[in-house]
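A quick write-up on the structure given underneath.
In what follows, chains are A, B, ... by sequence order, proteins preceding strands, each numbered from 1. When reading the values below, keep in mind they use all heavy atoms of this one structure, side chains included, and skip hydrogens, waters and symmetry mates.
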Amino acid sequence: MTQHVSPDLSARVGSLLLKNPVMSASGTFGYGLEFTPFYDISRLGAVIVKGLSLLPTPGNAPGRIVETPAGMLNAIGLQNIGVERFVHEVAPRLTDAGAVYVANIYGRTIEEYEAVARRLSEVPALAAIELNASCPNVKEGGIAFGSTTGGLTGLTRRVRAATGKPLWVKLSPNVSDIGAIARAAEEAGADAVTLINTLVGMAVDPRTRRPMLSNVTGGLSGPAVKPVALRMVWEACKAVKIPVVGIGGIQSAGDALEFLLVGAAAVQVGTANFRNPNACVEIVDGIRDFFVREKISRLDDYRGKLLLP
Amino acid sequence: MQAKFVHGKILRNTGSGIFYRMEVAIPDRIDFVPGQFAMVSGWPGNDPLLPRPLAIFRSGGVRGKGTVEFVYKVVGRGTALLSGLHAGDPLALTLPLGHGFDFPGEDRSWWLVGGGVGFSSVFPAAAALDGQRADFEIFLGARTRDQLPPGEWIPGGTVPGRVHLCTDDGTAGFFGTAAAALRDRIDRGKSSGLAHVAILACGPREMLKAVAELALPLDIRVQVSLESHMACGFGVCWGCVTAVRDGEKSVYRRVCREGPVFDAKEVAW
């Protein structure tokens with residue numbers, strides 16, 4: 001009889017050692033506490049909280065989401081309670097839930113990014129900061145900085161200097177050379193890059209002749225974007241030495257394994273949480289089952305082991 | 001009670017025209033308040049991607065073995081796919097979700113107004129009131145006759161004078177909208193006083209706004225259940241928000257979490 005030793009799923013993202021490579025993606029998981037009725041969120045590698053700005057942000061007018069083939073467009077407009085309320089009302093409750101937390105941040109100006117990063121540096125419950133340099137739905141939601149190597153370098157350098165926490169930079173896919181963008185983040189001091197944020201898309205109603213979203217355009221997510229995301233993660237992995245966290249349309253353990261195979265250090269699961277609140281833990285369990293079945297004892301024995309023709 | 005994500009099995013899913021009643025076996029009994037809903041999916045594959053919000057009609061069973069029932073209308077791809085499912089088919093459900101209708105203890109005359117798919121939130125309210133032997137009337141509006149739910153499905157609907165069916169084209173019942181029928185009812189009720197009347201309404205936003213404009217000036221309390229496109233249904237996507245008054249300003253609140261039932265006075269129409 002073979003003895004089943006549980007495979008070692010621990011994943012390293014820079015200086016952080018996570019118990020497994022599955023995290024929730026920002027904007028799809030609230031502040032994490034919304035999921036505690038469903039399962040113990042400390043079972044995840046990490047929880048990335050909803051994007052925080054310096055001041056509370058009302059978000060875009062309704063007409064914020066629309067379903068598209070195997071995907072959805074959103075233009076929420078980063079509605080959030082602002083960094084001060086987060087620090088006072090939410091952060092104290094995070095420690096109780098026992099998970100590893102990463103705060104996603106954005107600003108309208110570089111100074112706002114710096115101020116948010118500085119404030120969050122004082123929060124012990126946070127293991128890292130993820131810089132949103134890629135939200136397509138607010139004019140200054142990062143995409144202004146994240147779509148050129150020059151803009152991204154400037155932003156990353158300044159925020160890097162503002163915090164001692166590990167700094168991850170979330171990249172936009174709405175660029176022509178993702179490898180060059182990832183390299184810019186690396187050279188500016190990022191500890192990791194996370195990608196992809198949503199792809200800019202659009203939907204209109206042929207009868208009313210109006211856009212389906214009040215913001216006109218929105219960010220496409222879900223299974224529809226997965227092949228594009230996988231290709232970009234693969235390219236980023238080849239371009240940089242820092243860890244790459246893969247995101248984009250992951251619905252199942254099989255999807256997550258594809259990203260790990262092309263070299264991602266870990267993955268984030270986003271839209272899948274909307275249709276199945278247990279998606280993230282089911283993916284953790286599915287990866288473990290796959291490793292047991294395939295007799296893989298450690299994540300590192302599998303990660304990045306893509307066999308090219 | 002706190003929401004749960006469960007796997008269920010369809011016990012029956014039977015239709016009358018475009019209207020369906022679906023009963024589902026679930027692992028545990030749930031308690032719910034009329035107006036609360038479930039996010040439901042049961043089709044294979046990723047398209048459509050998102051589950052569909054369905055008002056909970058009824059729940060039953062015991063601890064460790066529950067049932068939940070929905071009454072729904074086929075309006076799009078998701079509900080069309082649901083209507084094609086059979087007894088024995090699996091279903092994924094997150095429930096119960098949202099903030100339902102508030103039924104204060106005191107004696108009232110309840111007027112329930114449902115337009116379009118809004119009947120599905122009005123039915124559980126009617127069933128609860130019928131169970132309490134409360135005094136209530138129902139106004140159901142639709143564009144045309146075959147868009148109205150089957151009369152025999154209306155909880156407590158056999159009581160004479162209780163049900164007011166309304167069609168925009170006059171093919172059944174009152175010739176006009178449910179809000180117009182409500183206006184006539186309010187006019188008839190003015191002589192005997194309206195202080196004891198409370199309104200629960202669910203339907204298209206224009207209908208809800210019309211109901212609020214009719215009733216609020218007369219100091220009738222109105223609770224509205226809003227419709228919105230939702231991705232998650234449990235408060236994390238922030239896609240379903242509606243503008244709600246907050247002093248001089250308005251703020252965006254989640255229809256799925258702070259709603260779907262709001263006091264009509266709070267809503268920034």
Side-chain angles (χ1 to χ4, degrees), chain A residues 24-39 49-51 56-81 212-214 218 221-224 226 249 251-252 255 270-279 281-282, chain B residues 1-7 30 38-53 76-78 81 90-97 205 226-244 246 249-257 259 267-269:
Chain A
S24 63
S26 178
T28 65
F29 214 71
Y31 299 113
L33 303 168
E34 292 87 337
F35 281 78
T36 54
F38 301 114
Y39 62 89
V49 302
K50 183 161 173 56
T57 302
N60 290 331
R64 289 182 171 188
I65 54 168
V66 57
E67 199 174 35
T68 58
M72 61 177 282
L73 289 165
N74 88 79
I76 308 301
L78 294 167
Q79 178 167 359
N80 80 99
I81 59 176
M212 300 293 281
L213 297 171
S214 70
S221 66
K226 199 194 81 178
Q251 302 275 308
S252 66
D255 294 339
T271 300
N273 293 305
F274 297 157
R275 83 164 175 178
N276 174 357
N278 291 346
V281 271
E282 287 180 8
Chain B
M1 70 178 284
Q2 278 198 326
K4 289 187 282 196
F5 175 73
V6 299
H7 294 281
I30 59 147
M39 294 299 281
V40 179
S41 64
W43 47 88
N46 290 322
D47 196 30
L49 181 66
L50 301 169
R52 294 298 189 259
R77 279 185 66 213
L81 285 163
L91 214 57
L93 311 97
T94 308
L95 79 176
L97 295 168
R205 199 174 175 89
L226 300 182
E227 295 170 358
S228 184
H229 287 291
M230 294 177 184
C232 71
F234 54 92
V236 297
C237 78
W238 292 85
C240 65
V241 299
T242 192
V244 169
D246 181 24
K249 299 179 303 182
S250 73
V251 292
Y252 292 127
R253 298 255 187 262
R254 295 165 293 188
V255 170
C256 74
R257 188 96 167 195
V267 177
W269 299 105

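Comparing B:C232, B:S228, B:P51 by how many heavy-atom pairs each has under 4.5 Å with chain A, the most go to B:C232. Of the listed residues (A:A272, A:P62, A:G27), the greatest number of heavy-atom pairs within a distance under 4.5 Å of chain B belongs to A:P62. Taking A:G222, A:G63, A:P37 one by one and counting their heavy-atom pairs under 4.5 Å with chain B, the maximum is reached by A:P37.
Summarising the geometry of B:D47 relative to A:P69, their closest heavy-atom pair is OD1-CA, 3.5 Å, with the distance given to 0.1 Å. Residue A:E67 comes nearest to B:L50 through the heavy atom pair OE2-N, 2.7 Å, listed as atom of the first residue, atom of the second, then distance. Across all their heavy atoms, B:Y252 and A:G59 have their closest contact at CE1-O, 3.6 Å. Nearest heavy atoms, B:C237 versus A:I76: O-CD1, 3.3 Å.
A:F35 is linked by a ring pair (Phe, Tyr, Trp, His ring centres under 6.0 Å) to A:F29, B:F234, counting only residues two or more places apart in sequence or in another chain. Applying the side chain to side chain donor-acceptor pair (under 3.5 Å) test to A:N276 and every residue at least two apart in sequence or in another chain returns A:E282.
Looking at B:A3, both its backbone and its side chain come within 4.5 Å of chain A, counting heavy atoms on both sides. For A:A61, the parts sitting under 4.5 Å from any heavy atom of chain B are the backbone and the side chain alike. Using a 4.5 Å cut-off between heavy atoms, A:T68 touches chain B through its backbone atoms (N, CA, C, O) alone. Proximity to chain A is absent for every atom of B:R253, based on heavy atoms less than 4.5 angstrom apart. Of the atoms belonging to B:V251, not a single heavy atom falls under 4.5 Å from chain A.
Between the CG atom in B:L49 and the OG atom in A:S221 there is a gap of 7.5 Å [rounded to 0.5 Å]. From A:M72, atom CE reaches atom NE2 of B:H229 across 11.5 Å, with rounding to the nearest 0.5 Å. In this structure, CZ in A:R64 is found 13.0 Å from CE in B:M230, a value given to the nearest 0.5 Å. In this structure, CH2 on B:W238 lies 14.0 Å from CG on A:N74, to the nearest 0.5 angstrom.
Contact check for A:N273 versus B:V236: no side-chain heavy atoms found under the 4.5 Å cut-off. For the pair A:F38 and B:T94, the minimum side-chain heavy-atom distance is below 4.5 Å. Between B:Q2 and A:T36, every side-chain heavy-atom pair lies at or beyond the 4.5 Å cut-off.
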